[in-house]
Amino acid sequence: MTQVQLKNLSKVFSGAPAVDAINLDVACGEFLVLLGPSGCGKTTSLRMVCGLEQPTSGSIWFNGQDVTNLPVQKRKVGLVSQRFGLFPHMTVEQNVAFGLSVRGMPAEEQMRQVGEMLEIVRLSAFAKRFPSQLSGGQMQRVAIARTLVTKPEVLLLDEPMASLDTLLRSEMRQFIRDLHDEYGMTTLLVTHDQIEAMDLADRIAVMFDGKVAQLAAPDEIYQRPANEQTARFMGHSNIFVCTRTSEQHIDSPYGPLSLGEASATVQ
Ligand SMILES: Nc1ncnc2c1ncn2[C@@H]1O[C@H](COP(=O)(O)OP(=O)(O)OP(=O)(O)O)[C@@H](O)[C@H]1O
Ligand SMILES: [Mg+2]
């Protein structure tokens with residue numbers, strides 16, 4: 001199991017910060033979800049953890065070891081990318097077998113594990129097809145199968161369910177969570193879907209404009225959003241303007257209220 005740490009991690013593209021000094025400490029075996037609107041830096045963060053994107057500044061640590069300059073193949077990570085990245089000239093089963101064959105696994109064992117994985121993602125009947133002969137959702141499942149079959153220690157999933165229908169999405173969600181619970185790999189999943197994040201995460205990092213606005217358990221984020229932007233993004237409708245009358249009290253449209261424990265978080 002691997003602890004993943006992002007320390008002051010930044011990425012600047014042509015002068016514009018895509019990821020702006022984020023700090024994250026992902027515990028061994030934790031399921032952490034990066035949640036935020038389009039363009040907030042989720043994919044860029046994930047690609048830096050994977051080793052596909054070099055940070056502009058800051059560092060990435062696995063189990064207390066600085067891996068910032070370690071190439072992808074030495075990181076024991078598996079990435080399911082937002083754009084699938086399937087090999088067009090290989091069949092479904094060859095795509096799924098790829099990671100096993102580069103590790104030198106005997107062909108017979110490769111085929112056994114690939115067969116098992118294709119059954120799990122319900123694509124056994126499509127084993128001999130090429131990616132161009134699949135629907136978007138089917139391609140997505142091949143991409144998931146191809147990564148999971150290698151049993152990575154750190155699993156990185158970039159919107160892995162974006163093009164699945166509602167039923168398949170909830171089945172796939174359950175499948176990913178079960179797999180995580182069974183193998184215990186540290187998992188970072190990117191999504192802009194609040195329900196998916198609430199459903200899957202041990203903790204959620206809410207991101208806006210390249211920064212982490214809040215890092216907490218789903219309930220905590222839902223019950224106590226750190227700021228208005230997070231509250232709105234989480235779909236709260238009970239936002240209203242109040243006036244603070246003292247350290248412990250506010251005037252609300254529904255009358256005076258005592259803040260109690262919430263006092264510290266009122267801005
Ligand atoms: N290779 C690149 N060159 C220049 N700008 C880039 C590059 N990759 C990403 N960006 C920019 O960095 C910002 C963050 O992009 P990123 O792909 O990380 O967002 P995201 O949160 O994954 O969004 P989405 O939910 O739409 O996938 C965006 O403004 C994007 O345009
Ligand atoms: Mg993205």
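In each ligand, atom 1 is the first atom listed, and ligand 1 is the first ligand listed.
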For atom 14 (C) of ligand 1, closest protein heavy-atom neighbour: Gly39 O, 3.5 Å

Enumerated ligand 1 atoms positioned under 4.0 Å from heavy atoms of Gly41: 14 (C), 18 (O), 19 (O), 20 (P), 21 (O)

Phe13 N/O to ligand 1 N/O under 3.5 Å: no

contact_flag Gly36 ligand 1 heavy-atom lt 4.0 Å: no

Leu157, Leu52, Leu79 screened by side chain to side chain contact (heavy atoms under 4.5 Å, CB included) with Leu46, the one that passes: Leu79

Closest candidate by heavy atom, reference atom 16 (P) of ligand 1, pool Asp209, Asp158, Thr44: Thr44

Closest approach of any protein heavy atom to atom 25 (O) of ligand 1, naming residue and atom: Lys42 NZ, 2.8 Å

Donor-acceptor contact below 3.5 Å, side chain Thr187 vs main chain Met185: yes

Glu116/Arg112 ion pair, N-O < 4.0 Å: yes

Which residue and heavy atom of the protein sit nearest atom 26 (O) of ligand 1, plus the separation: Ser38 OG, 2.5 Å

Under-4.0 Å heavy-atom contact between protein and atom 31 (O) of ligand 1: no

Distance in Å, Lys76 NZ paired with Phe62 CZ, rounded so as to fall on 0.5 Å steps: 11.0 Å

Exercise: identify the closest heavy-atom pair between His180 and Asp202: CE1-OD2, 4.3 Å

Distance from atom 27 (O) of ligand 1 to nearest protein heavy atom, with residue and atom: Gln82 NE2, 2.9 Å

Geometric cation-pi criterion, Arg146 with Phe87: 6.0 Å, 45°: yes

Sub-4.0 Å atoms of ligand 1 with respect to non-hydrogen atoms of Thr43: 17 (O), 18 (O), 20 (P), 22 (O), 27 (O)

Per-atom contacts of ligand 1 with Glu159, taking only distances under 4.0 Å to non-hydrogen atoms: 25 (O)

Test item: side-chain donor near acceptor, Thr43 and Asp158, under 3.5 Å: yes

CD1 on Ile204 to CG on Leu34, rounded to 0.5 Å: 10.5 Å

Ala18 N/O to ligand 1 N/O under 3.5 Å: no

N, O or S of Thr43 under 2.8 Å from the Mg ion (ligand 2): yes

Contact with ligand 1 for Ser14, non-hydrogen, under 4.0 angstrom: no

Sidechain-backbone polar pair: Arg244 side chain, Glu247 backbone, donor-acceptor under 3.5 Å: yes

